[in-house]
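Before any comments, here is the structure.
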Number of protein chains: 2
Amino acid sequence: MSATDTGIAAPTAPTVKAESILAAARRTFLASGFGAASMDAIAREAGASKATLYVYFSSKEELFGAVIARESERYAQGFSAGDLDPGDVEASLTFFANRFLRLLLSPDIIAINRIIIGEVVRFPALAEVFWQAGPERVRVQLEGFFRRAAAAGTLDIADTRLAAGQFASLVRGELHQQYLFGLGKPDDKALSAAAKNAVATFLRAFGTRK
Amino acid sequence: MSATDTGIAAPTAPTVKAESILAAARRTFLASGFGAASMDAIAREAGASKATLYVYFSSKEELFGAVIARESERYAQGFSAGDLDPGDVEASLTFFANRFLRLLLSPDIIAINRIIIGEVVRFPALAEVFWQAGPERVRVQLEGFFRRAAAAGTLDIADTRLAAGQFASLVRGELHQQYLFGLGKPDDKALSAAAKNAVATFLRAFGTRK
DNA sequence: GTCTATAATTGGATAGAC
DNA sequence: GTCTATCCAATTATAGAC
């Protein structure tokens with residue numbers, strides 16, 4: 001409020017409005033996909049008019065891009081393997097597998113996976129962004145851990161990059177695909193069992209005898 | 001041509017027209033997805049009018065369903081593991097992995113995967129159909145082979161169902177996901193290498209010494 | 001059965017008042 | 001900056017002639 005205040009009610013601060021639009025767009029896109037989500041619906045969800053949407057985002061595509069970019073950012077936030085102990089690979093990998101699987105199967109991540117895969121042809125750049133922020137990041141973390149474990153002699157791995165991909169694939173297993181296809185979410189016990197089974201098989205292949 | 005032939009040029013036989021519409025719809029949906037494909041475009045591609053489309057399929061959704069159902073049918077046609085030799089697991093699994101991977105990464109299968117995943121929310125039943133005809137069928141074939149190999153003592157597997165899922169996951173690896181996201185198709189040599197690596201790891205875990 | 005022409009609706013985007 | 005009201009293009013679906 002300055003001395004030149006006109007007395008007219010100050011409109012909502014721009015960033016707040018933009019935030020609420022982004023949040024509404026996020027909910028709407030994730031629930032309906034790009035094609036089925038209308039700007040009308042997003043405006044309604046945001047409690048704003050369509051015209052206001054277009055003040056902040058010049059097109060539906062741009063708004064979608066902003067949503068996906070932000071969600072990609074959040075994907076693997078703080079998903080590190082740096083604090084895992086190469087001395088106890090079974091415990092470390094089990095811990096990692098459980099965290100990874102629960103992240104992967106969380107409703108938000110499944111929804112964003114579906115959207116990006118469904119819109120790859122129209123938005124190839126967004127898929128690339130998501131890949132780098134998500135799967136690739138996880139693989140790099142895993143590979144670092146395997147390099148340390150191989151050096152410590154607790155895992156018998158020659159190609160750490162390959163092993164990281166294979167471990168991630170084992171953990172994803174059928175569950176990820178199955179859930180992408182909308183075929184029933186497993187309960188918590190099933191997730192823990194899946195993680196345990198993946199680790200067991202991986203250790204049968206690459207574990208070292210004590 | 002009967003004695004009551006009016007002399008008016010006989011219209012194209014219904015099945016032929018329906019076929020050409022289905023084929024055009026298949027190409028259009030697979031190329032653009034459900035939302036971006038218009039009935040106009042499909043009619044043009046089929047060399048028919050929109051009105052004719054609606055004679056055979058009462059809505060866009062129904063036409064889409066017909067396309068997906070047919071493609072699902074073709075998915076794993078003749079994808080059997082019955083002729084694999086449990087006596088030579090390495091050769092058998094390598095053969096299987098190569099076939100499976102090439103099927104999975106073929107442009108048509110990738111396209112249909114993208115569409116179904118992208119439209120799961122709107123068409124959950126189609127996802128179920130595809131799953132049964134595709135991934136589930138492959139898993140069943142694999143499990144049968146593993147049961148035989150376990151009985152023959154050439155593989156050390158307790159849970160054949162679990163092992164089938166794990167083997168399929170290892171073979172898919174990162175390639176499947178990566179290609180779903182549109183990140184470059186691997187060449188033939190890379191595919192063979194991926195198959196070989198998957199088999200090698202699987203055999204490290206479940207192979208038996210001779 | 002097949003077409004042309006069109007109805008009816010939806011949805012992205014904008015003009016203009018405040 | 002925000003809203004209401006509206007424009008306009010695209011799209012699903014159908015009516016009616018042949």
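Letters A, B, ... are given to chains in the order of the sequence lines, protein chains preceding strands, and every chain is numbered from 1.
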Spacing between [X] atom [atom1] and [N] atom [atom2], to the nearest angstrom:
| X | N | atom1 | atom2 | value |
| --- | --- | --- | --- | --- |
| A:L53 | D:dT4 | CG | P | 13 Å |
| B:Y56 | D:dA13 | OH | P | 18 Å |
| B:F64 | D:dT12 | CZ | C1' | 16 Å |
| A:L63 | C:dG11 | CG | C1' | 15 Å |
| A:D40 | D:dA5 | CG | P | 14 Å |
| B:E19 | C:dG1 | CD | C1' | 17 Å |
| A:E61 | C:dA13 | CD | C1' | 11 Å |
| B:E62 | D:dT12 | CD | P | 15 Å |

Donor-acceptor pair present, A:K60 side chain and C:dG11 base, under 3.5 Å: no
Given C:dG1, D:dA13, D:dT6, the nucleotide with the shortest approach to the side chain of B:K50: D:dA13
Out of D:dT6, D:dT2, C:dC3, whichever nucleotide has its closest atom nearest the side chain of A:S49: D:dT2
NA contact type, [X], heavy-atom cut-off 4.0 Å: base, sugar-phosphate, or nothing?
| X | result |
| --- | --- |
| B:A46 | nothing |
| A:S59 | sugar-phosphate |
| A:G35 | nothing |
| A:A43 | nothing |

Aromatic ring pairing A:F123/A:F64, orientation class (parallel under 30°, perpendicular over 60°, tilted between): tilted
Aromatic plane relationship, B:F167 with B:F96 - under 30° parallel, 30 to 60° tilted, over 60° perpendicular: tilted
Within 6.0 Å of CD in A:E73, more than 12 heavy atoms from elsewhere: no
N or O in side chain of A:T52 less than 4.0 angstrom from D:dG1 OP1/OP2: no
Presence of B:Y54 side-chain N/O under 4.0 Å of D:dA13 phosphate oxygens OP1/OP2: yes
Residue mapping more 5' on DNA chain C - nearest nucleotide basis, A:M39 or A:A51: A:M39
cation_pi(B:R99, B:F79) dist<6.0 Å, angle<=45: yes
Backbone of B:Y56 reached by a side-chain donor or acceptor of B:K17 within 3.5 Å: no
